[in-house]
Q: 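If you scroll down you'll find the structure; I have some questions about it.
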Amino acid sequence: MKIGCVGGGPAGLYFAISMKLRDPSHEIEVFERNAPGVTFGWGVVFSDLTVDNITRNDPASAAIITKEFAHWDDIDVHFKGETITSGGHGFIGIGRKRLLEILQERARELGVALHFNSECDPADPKWRDYDLVIASDGINSRFRDAHADAFGVDEDVRANKFVWLGTSKVFEAFTFAFEETEHGWIWAHAYRFAPDCSTFIVECSEDTWRSFGFDRMSQDESIAACEKLFAKYLDGHRLESNASHLVGSAAWLNFKRIKCERWSSGNVILLGDAAHTAHFSIGSGTKLALEDAIKLADVLNRPGLSLEAAMDEYVAERNLEVLKLQNSARNSTEWFETLERYTHFEPLQFAYSLLTRSQRISHENLRLRDREWLEGVERWFWKRATAGKSNKTAPPMFAPFKLREMEVMNRVTVSPMAMYSAVDGVPNDFHFVHYGERALGGAGLIFTEMTCVSPEGRISPGCTGMWNADHVAAWKRIVDFVHTQSKAKICLQLGHSGAKGSTRLGWEGNDVPLDDGNWPVMAASDVAWSPVNQVPRPMTRADMDMVRDQFVAAVKMGIECGFDMVELHAAHGYLLAGFITPLQNHRTDEYGGSLENRLRYPLEVFAAMRSAWPSDKPMSVRISATDWAGDNGITPDEAVLIGEAFAREGADLIDVSAGQSWAGQQPVYGRMFQTPFSDRIRNEGKLATMAVGNIYEPDHANSILAAGRADLVALARPHLVDPFWTLRAAAQLDYRDVAVPPQYLNGMSQLARNLKREAEMAAALRV
Ligand SMILES: Cc1cc2nc3c(=O)[nH]c(=O)nc-3n(C[C@H](O)[C@H](O)[C@H](O)COP(=O)(O)OP(=O)(O)OC[C@H]3O[C@@H](n4cnc5c(N)ncnc54)[C@H](O)[C@@H]3O)c2cc1C
Ligand SMILES: Cc1cc2nc3c(=O)[nH]c(=O)nc-3n(C[C@H](O)[C@H](O)[C@H](O)COP(=O)(O)O)c2cc1C
């Protein structure tokens with residue numbers, strides 16, 4: 001094949017090498033606009049896995065690259081005058097310029113024609129003479145942008161400013177240096193990539209950048225300002241740029257996240273940064289470029305594979321990798337973009353939050369890297385959780401948490417889950433066993449299902465209620481069991497179904513009206529939940545008074561039952577959520593329109609409940625932090641304001657759920673997918689929060705808690721099939737100080753022993 005590679009970066013050069021290795025008869029030319037030895041950027045980091053891949057692909061170049069690698073293990077985080085050092089991170093890096101030299105030499109050796117100082121124009125007719133044109137022309141690819149529609153380019157320009165500099169100061173650890181200035185926070189990412197040279201990337205928000213006047217400085221002035229700002233880390237060494245072709249503030253960039261729906265069009269194939277980018281803070285762009293090159297060379301040389309099939313396989317496999325990395329990169333990018341959310345943390349927690357920012361590194365992963373450091377974090381967590389009384393080194397999920405005078409023994413909660421099994425609202429033996437069993441299972445706090453304040457406020461005929469003496473007696477039996485037979489606390493979730501009422505039992509059709517016996521429903525406005533649901537009657541002030549009083553009456557009954565805590569359900573599109581979301585609330589009075597107006601009634605209900613509920617007992621509110629409807633619905637920014645508004649009325653905990661407030665929602669699912677909303681409310685609003693949503697491993701819980709993304713973690717579906725989730729987690733983590741019912745002690749110790757033995761065997765097999 002006759003192939004032209006546009007761009008002599010890692011992607012173009014390594015593809016040329018990989019093609020020649022597979023079939024020396026290919027005619028390959030690489031066109032690079034720069035002269036040899038001229039390039040942007042400084043060092044690039046690699047992972048062990050990338051080294052394995054390049055070694056398998058071309059042992060010759062890999063041997064030279066790996067010989068020249070700089071290795072380092074530690075990460076130093078400089079923050080508020082402290083340096084937090086954690087080890088075991090195992091990085092390898094090399095200078096970009098040196099990497100390109102090695103690849104150029106190898107390409108030449110294999111017979112690739114290299115043309116430097118060759119600016120390529122996509123409109124040049126010469127490209128028609130090539131069987132394939134590889135667009136390896138980087139993030140600002142002209143070849144991609146010339147056919148942006150054909151490739152389905154999606155570009156996201158990120159908020160922060162950064163400049164990629166180098167220095168002769170040798171940073172032995174991967175160094176993050178955060179500096180607070182009168183203009184805001186500014187920080188550096190620095191690491192050694194050669195015996196005498198380090199990368200030094202400076203980053204800050206656009207506001208800070210402007211406030212410093214970087215937008216009006218020449219490149220030299222910017223560098224001088226950065227040298228002054230980071231003088232204490234540079235020990236007199238200078239900062240240097242190799243972007244001298246860029247004038248003034250142009251050396252400062254905003255990172256561009258690139259995604260493409262299609263990676264080929266006509267005879268042009270995208271490779272490396274031209275096809276996709278991953279934020280520099282996860283250091284994976286070069287790795288992706290090299291691995292793209294290997295895969296593309298593989299499929300193009302596989303006998304019998306058509307070009308179309310080759311492209312399908314190339315894109316399918318590489319796109320999956322890219323999506324995974326871009327997901328982590330997005331988390332990491334956002335962490336730096338919202339840095340000020342975390343600057344109130346103590347240095348140790350700040351460092352933990354930084355290390356776990358992309359969600360690729362978890363609590364147990366950190367334990368494997370540096371056990372001693374992680375145990376220091378655990379001790380710090382326990383000390384804070386117990387106001388200095390405990391010095392325990394144990395997983396954060398087992399640390400107690402106090403809300404008003406209620407102390408939960410650990411941070412795991414059983415999330416509210418409707419069981420649709422009551423008759424006339426009365427919980428029965430099913431509920432007694434269900435809640436009792438979960439209380440024995442070790443969670444610190446058990447939530448009841450949404451318990452409705454009136455018969456009309458039920459979602460289905462099977463919902464539990466709290467409006468008469470039968471309900472009080474039945475719930476009291478459950479609460480008494482929880483209190484006498486377990487150490488768990490129990491919280492009563494109270495709600496009213498609003499527009500989503502009068503529907504079938506959950507397993508007979510979610511949100512589907514009853515076949516017969518429907519009751520009229522009311523809501524903020526006459527907006528039906530879906531075309532098959534009833535159009536609700538908009539509530540009058542008299543209705544609002546009545547429902548508020550029903551909530552208060554239910555709270556008083558909750559006191560009689562002995563509940564430890566009450567939660568107001570203002571999420572998931574039910575009555576109160578229907579007031580908060582503009583998607584359901586179309587009122588024109590003082591309860592509709594602005595967020596303040598839409599919150600007025602839910603806050604009134606909450607305040608009335610709070611005054612009826614004992615002041616030493618806590619109350620929470622469950623909210624939907626997004627309607628998953630873009631700017632048309634509640635947004636995560638507004639969720640902070642909503643949390644703050646309820647906190648002003650006495651909410652001690654915001655239970656941060658999301659969605660279900662609009663039938664057309666577009667949720668983005670994934671592991672711990674709602675936790676970022678909790679993180680935001682907790683750290684921007686400075687409120688206690690509970691995270692929920694696809695948290696299913698002890699490692700998730702510990703990572704969320706130690707990083708300060710929530711104070712409690714709630715698990716719903718995992719508890720449906722495993723009431724003993726917390727005890728199992730304790731056995732797995734070898735944590736003994738957990739509340740095991742005495743009747744079950746033997747089982748617990750056997751489980752712990754077996755799990756330990758299995759872990760040891762697995763470790764021995766790995767060795
Ligand atoms: C601040 C920063 C730090 C980074 N750190 C890391 C890291 O630690 N680890 C890591 O793996 N990655 C890192 N990256 C990402 C990495 O630099 C890129 O992902 C990688 O270089 C992509 O390789 P590429 O060959 O696709 O593109 P590039 O390296 O950009 O190469 C494209 C080449 O094409 C040439 N070119 C462009 N247009 C034309 C044209 N029209 N005609 C001729 N030639 C042209 C350019 O001059 C360039 O040489 C970092 C990126 C940044 C911005
Ligand atoms: C069967 C079932 C019933 C639920 N009922 C309620 C409820 O009554 N009140 C509530 O606030 N959330 C309810 N939820 C939502 C859960 O509390 C939780 O937010 C959701 O399932 C996500 O958590 P998970 O991924 O751990 O399951 C219910 C979830 C399930 C699976």
Side-chain angles (χ1 to χ4, degrees), residues 5-15 30-34 38-47 50 91 93-94 96 99-100 115-122 135-143 162-165 189 191 193 199 201 203 253 255-256 270-290 292-293 413-420 447-452 459 463-464 493 495 506-507 510 567 569-572 574 622 624 655-660 669 672-674 691-696 713-720:
C5 297
V6 183
L13 289 169
Y14 204 63
F15 171 75
V30 175
F31 299 90
E32 167 57 47
R33 60 157 63 122
N34 289 328
V38 174
T39 186
F40 69 93
W42 298 82
V44 285
V45 292
F46 276 3
S47 71
T50 313
F91 290 103
I94 186 167
R96 179 181 157 89
L99 174 70
L100 294 180
H115 309 285
F116 290 95
N117 301 310
S118 294
E119 174 72 40
C120 301
D121 180 353
S136 47
D137 49 346
I139 193 166
N140 297 314
S141 168
R142 286 180 69 190
F143 279 65
F162 75 93
V163 61
W164 196 357
L165 303 171
H189 315 231
Y191 59 89
F193 62 84
T199 267
I201 302 167
E203 186 182 0
L253 300 171
F255 190 80
K256 265 199 305 192
L270 303 181
L271 191 71
D273 269 15
H276 48 70
T277 56
H279 193 251
F280 59 85
S281 60
I282 65 160
S284 296
T286 309
K287 158 202 158 71
L288 284 178
L290 299 179
D292 278 2
T413 76
V414 176
S415 198
M417 278 183 287
M419 290 291 109
Y420 306 105
F447 279 76
T448 70
E449 60 205 272
M450 175 167 125
T451 296
C452 308
I459 307 166
C463 289
T464 52
Q493 187 189 58
W507 53 86
N510 240 344
E567 172 164 284
H569 195 345
H572 302 171
Y574 297 114
R622 178 166 256 210
S624 285
D655 175 357
V656 188
S657 188
Q660 298 170 57
Y669 294 117
M672 306 178 268
F673 71 113
Q674 294 172 162
V692 65
N694 217 12
I695 299 167
Y696 53 89
V713 289
L715 289 80
R717 287 163 297 175
H719 275 122
L720 282 182

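The shown structure was predicted, so the numbers you read here are calculated from the model rather than taken from an experiment. The first residue in the sequence is number 1, and the count goes up from there. Indexing begins at 1, ligand by ligand and atom by atom, following the structure's order.
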Q: Give a yes/no on ligand 2: does Gly506 have at least one heavy atom closer than 4.0 angstrom to it?
A: no
Q: Numbering the atoms of ligand 2 from 1, which are under 4.0 Å from a heavy atom of Leu715?
A: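 Listed by number with element: 26 (O).
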Q: Any heavy-atom pair between the side chains of Phe15 and Cys5 that's under 4.5 Å?
A: yes
Q: Please identify which atoms of ligand 2 are closer than 4.0 Å to at least one heavy atom of Asn694.
A: 24 (P), 25 (O)
Q: Are His189 and Phe280 near enough that their ring centres are under 6.0 Å apart?
A: yes
Q: What about Glu449: any of its N or O atoms under 3.5 Å from an N or O on ligand 2?
A: no
Q: Provide the closest heavy-atom pair for Ile459 versus Met450 in the form atom of the first, atom of the second, distance.
A: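 That closest heavy-atom pairing would be CG1-CE, 3.7 Å.
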Q: Has the side chain of Thr277 got a donor or acceptor atom that lies under 3.5 Å from a matching backbone atom of Lys256?
A: yes
Q: Heavy atom to atom 8 (O) of ligand 2, shortest distance: which of Arg717, Met419, Met450, Arg622 holds it?
A: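 When every heavy atom of Arg717, Met419, Met450, Arg622 is considered, Met450 comes closest to atom 8 (O) of ligand 2.
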Q: For the NE2 atom of His276 and the CG atom of Asp292, what is their distance to the nearest 0.5 Å?
A: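 CG of Asp292 is found 3.5 Å from NE2 of His276.
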Q: Check whether any N or O atom of Leu720, backbone or side chain, sits under 3.5 Å from an N or O atom of ligand 2, and answer yes or no.
A: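 Between Leu720 and ligand 2, no N or O pair is found under 3.5 Å apart.
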Q: Mind checking whether His572 has a heavy atom under 4.0 Å from ligand 2?
A: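 Yes; His572 lies near enough to ligand 2 that a heavy-atom distance drops under 4.0 Å.
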Q: If you measure only the distance, is there a donor-acceptor pair under 3.5 Å linking the side chains of His572 and Ser657?
A: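 A pair is found: one side chain offers a donor N or O, the other an acceptor, under 3.5 Å apart.
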Q: What's the spacing between His279 NE2 and Phe162 CZ if we round to 0.5 Å?
A: 6.5 Å
Q: Quick check for you: to the nearest 0.5 Å, what is the distance between Arg33 atom CZ and Ser118 atom OG?
A: 11.5 Å
Q: I need the atoms of ligand 2 closer than 4.0 Å to a non-hydrogen atom of Gln493, numbered in the order shown.
A: 7 (C), 8 (O), 9 (N), 10 (C), 11 (O)
Q: Tell me which protein heavy atom sits closest to atom 2 (C) of ligand 2, plus the residue, atom name and distance to 0.1 Å.
A: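 In this structure, atom 2 (C) of ligand 2 has Met417 CG, 3.8 Å as its nearest protein heavy atom.
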Q: Do Val44 and Leu99 have side-chain heavy atoms sitting under 4.5 Å apart?
A: yes
Q: Within a distance under 4.0 Å of any heavy atom of Gly693, pick out the atoms of ligand 2 and give their elements.
A: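 Close to Gly693: 22 (C), 23 (O), 25 (O).
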Q: Please report which non-hydrogen protein atom sits nearest to atom 5 (N) of ligand 2, along with the residue it belongs to and the distance in Å to one decimal place.
A: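 Protein heavy atom with the smallest distance to atom 5 (N) of ligand 2: Ala418 N, 2.7 Å.
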Q: Name the option, out of Pro416, Ala716, Ala571, that contains the heavy atom nearest to atom 14 (N) of ligand 2.
A: Pro416
Q: Which of the atoms in ligand 2, numbered in the order shown and given with their element, are less than 4.0 Å from a heavy-atom of Pro718?
A: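 Matching atoms, with element in brackets: 26 (O).
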Q: Using 30° and 60° as the class limits, which term best fits the ring planes of Phe31 and His115: parallel, tilted or perpendicular?
A: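 Correct class here is parallel.
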Q: Does the ring centre of Tyr191 sit less than 6.0 Å away from the ring centre of Phe91?
A: no
Q: Go ahead and list the nitrogen or oxygen contacts between ligand 1 and the protein that come in under 3.5 Å, distances to 0.1 Å, or just say none.
A:
from	atom 1	to	atom 2	distance (Å)
ligand 1	8 (O)	Val45	N	2.9
ligand 1	8 (O)	Tyr191	OH	3.2
ligand 1	9 (N)	Val45	N	3.2
ligand 1	9 (N)	Val45	O	3.3
ligand 1	11 (O)	Gly285	N	3.4
ligand 1	11 (O)	Thr286	N	2.8
ligand 1	11 (O)	Thr286	OG1	3.1
ligand 1	12 (N)	Gly285	N	3.4
ligand 1	12 (N)	Thr286	N	3.2
ligand 1	12 (N)	Thr286	OG1	3.1
ligand 1	19 (O)	Asp273	OD1	2.7
ligand 1	19 (O)	Asp273	OD2	3.2
ligand 1	19 (O)	Gly285	O	3.4
ligand 1	21 (O)	Arg96	NH1	2.8
ligand 1	25 (O)	Pro10	N	3.2
ligand 1	25 (O)	Ala11	N	2.9
ligand 1	26 (O)	Asp273	N	2.8
ligand 1	29 (O)	Arg96	NH1	2.8
ligand 1	29 (O)	Arg96	NH2	2.8
ligand 1	38 (N)	Arg33	NH2	3.2
ligand 1	41 (N)	Glu119	OE2	3.0
ligand 1	41 (N)	Cys120	O	3.2
ligand 1	42 (N)	Cys120	N	3.0
ligand 1	44 (N)	Arg33	N	3.1
ligand 1	47 (O)	Glu32	OE2	2.7
ligand 1	47 (O)	Asn34	ND2	3.4
ligand 1	49 (O)	Glu32	OE1	2.7
ligand 1	49 (O)	Glu32	OE2	3.2

Q: If I take atom OG from residue Ser624 and atom CD from residue Gln660, how far apart are they, to the nearest 0.5 angstrom?
A: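 Here the interatomic distance stands at 6.5 Å.
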